[in-house]
Amino acid sequence: MWKVEELLKIIAGFRIMMRVITALILREIITRYGRDNLGFLWTFLEPAMFTIGVTILWNILNFNKHGFPITAFVLVGYSSGLLWRHTIIYSFNAISANQALLYHSVVKPIDLVISRFILEFLSVTTAFVFLCIVYIALGLINPPYDLFYIIIGWFLMAWFGLGLGLLFAALSILFEVVGHFIQAFTYIFWILSGSLYAAEWLPPNIREYSLFIPTLTNAELIRYGMFGNIFTPYYDIAYSVVFNLVLTLLGLYLLRVAHYRLEVD
Amino acid sequence: MSKYVKLTNVSMFFDRPVLKNIDLTINYGDKIGILGRNGSGKSTLIKIISGALRPTTGYVEKKMKVSWPLAFQGGFQGSLTGLDNLKFICRIYNVNWKEKVDFVMSFSELGEYFYKPVKTYSSGMRARLAFALSIAIDFDCYLIDEIVVVGDSRFHDKCRIELFEGKKEKSFVIVSHQPSYIKEFCNRFFVLFKGKLLEFDSFDSAWKFYSTQ
């Protein structure tokens with residue numbers, strides 16, 4: 001009977017968590033996007049401007065020596081990169097910005113991070129799907145080769161973003177100095193992440209080690225799903241999954257530690 | 001199932017020890033009054049009971065629904081309206097907000113400001129909204145960190161009636177540096193002194209100890 005009771009307790013806790021996260025998301029939508037829906041439009045306009053801008057630039061500079069359709073390459077790379085770039089930025093101050101909500105005993109630090117992650121995931125994904133459809137309709141890009149690979153890569157990338165978000169949310173409480181490293185880390189990792197290059201372009205001896213970057217696998221999967229056999233993808237799904245798992249568990253653990261160090265005014 | 005909150009050997013350190021080995025069981029219906037000077041750790045204790053802070057050592061076992069500190073305004077987001085705040089609070093506590101709109105609107109006396117962003121409110125309006133939200137949700141135990149006088153004396157009376165008469169079967173934890181409410185409404189009396197929580201068998205003995213320190 002003990003086991004049933006424990007199980008019921010876990011289910012009850014989970015239901016409270018879902019409820020709190022939903023309430024936080026609905027609250028965040030209003031504060032972030034404002035009452036007029038123009039705010040939400042920026043979620044689409046930002047990647048749209050970036051992809052169009054880079055496409056024009058790369059065309060002028062004649063940068064396209066690798067045989068990828070530029071617009072699609074940039075759209076896929078930029079959008080999937082946002083899955084972790086945005087979650088870092090938003091989860092970093094998720095707790096400090098909302099710590100007054102912790103006075104409600106049902107609200108836990110993890111809820112603050114997860115609600116921001118879900119909102120970010122939904123807005124980046126919606127924007128990506130929307131832009132794909134528009135670009136396909138306008139003839140700017142071709143329809144994807146295999147959706148399955150895109151979805152796998154997309155979710156692995158999002159999971160990486162969640163793990164990173166949990167980790168940085170905890171680190172921001174434990175060590176204030178972390179805030180100063182975020183920009184540099186995001187920028188450098190953005191270049192290394194695999195969103196802006198394909199593994200195929202790398203010299204073989206470097207390529208061998210490049211898959212230690214977990215996001216490269218995710219980006220390659222998305223690209224393969226998008227372009228198919230016009231290039232040779234390199235990926236290691238098992239490594240990416242294990243990396244994400246370790247990152248998530250580490251983030252959860254540190255967030256728990258951080259709750260004890262939190263000084264709420 | 002019996003309802004209670006139990007603190008076992010709770011200690012809290014910031015740069016110095018603030019609370020030391022506190023044991024406290026709040027039973028359903030208890031009216032706990034805690035006297036303490038400024039800086040004695042009263043607010044820290046309230047934060048630990050509410051769950052906003054985790055104690056450095058020790059445990060808090062909650063077997064009843066505990067409120068957030070009454071009339072607390074920190075959770076307001078400037079761009080949210082009074083109604084948005086009501087919806088948020090109701091959602092996290094699993095209450096249908098539509099059933100609470102009338103009460104909160106009339107109690108807070110905000111009029112059409114109820115539908116305007118909180119950042120346009122005066123401090124009195126914020127306080128009224130915060131108070132109305134606190135009592136709109138039904139808790140077993142209400143946490144009160146200093147009785148703040150909100151609004152005019154008429155509104156003050158309204159709050160008093162709603163809280164201490166309307167919810168008189170509930171538990172209360174009142175921390176204050178002033179005697180008035182503790183003397184009037186509590187049935188268990190404590191003094192927070194040098195990080196220790198000392199219980200007294202009457203208000204007078206608690207007050208005698210407190211006022212001679």
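Chain A is the first sequence line, chain B the second, and so forth, proteins listed ahead of strands; every chain is numbered from 1.
Ring-plane geometry between B:Phe185 and B:Phe164 is classed as parallel, the angle between the planes falling under 30 degrees on a 0 to 90 degree scale with a further cut at 60.
Proximity to chain A (any heavy atom under 4.5 Å) is shown, for B:Leu143, by neither the backbone nor the side chain. Neither the backbone nor the side chain of A:Ile16 comes within contact range of chain B; no heavy atom of the residue lies under 4.5 Å from a heavy atom of that chain. For B:Lys62, the part lying under 4.5 angstrom from a heavy atom of chain A is the side chain only. Looking at B:Tyr93, both its backbone and its side chain come within 4.5 Å of chain A, counting heavy atoms on both sides.
Among the candidates A:Val107, A:Asp111, A:Leu262, A:Leu102, the residue making the largest number of heavy-atom pairs closer than 4.5 Å to chain B is A:Leu102. Considering only heavy-atom pairs separated by less than 4.5 Å from chain A, the leading option among B:Pro55, B:Gly78, B:Ala52, B:Ser67 is B:Ala52. Between chain A and the options B:Asn94, B:Val66, B:Leu53, the largest number of non-hydrogen pairs under 4.5 Å is found for B:Asn94.
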Distance-only donor-acceptor pairs under 3.5 Å for side chains of residues 82-90 of chain A, two or more places apart:
from	atom 1	to	atom 2	distance (Å)
A:His86	ND1	A:Glu120	OE2	2.8
A:Thr87	OG1	A:Leu83	O	2.8
A:Thr87	OG1	A:Trp84	O	3.0
A:Thr87	OG1	A:Gly161	O	3.4

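Within the 6.0 Å centre-distance limit, the rings of A:Phe160 and A:Phe189 are counted as a close aromatic pair.
Residues A:Ser195 and A:Trp190 bring no donor and acceptor atom of their side chains to less than 3.5 Å of each other. Inspection of the B:Tyr4 and B:Glu61 side chains reveals an N or O donor paired with an N or O acceptor under 3.5 Å.
Here CG of B:Asp84 is found 9.0 Å from CZ of B:Phe114. Values are rounded to the nearest 0.5 Å.
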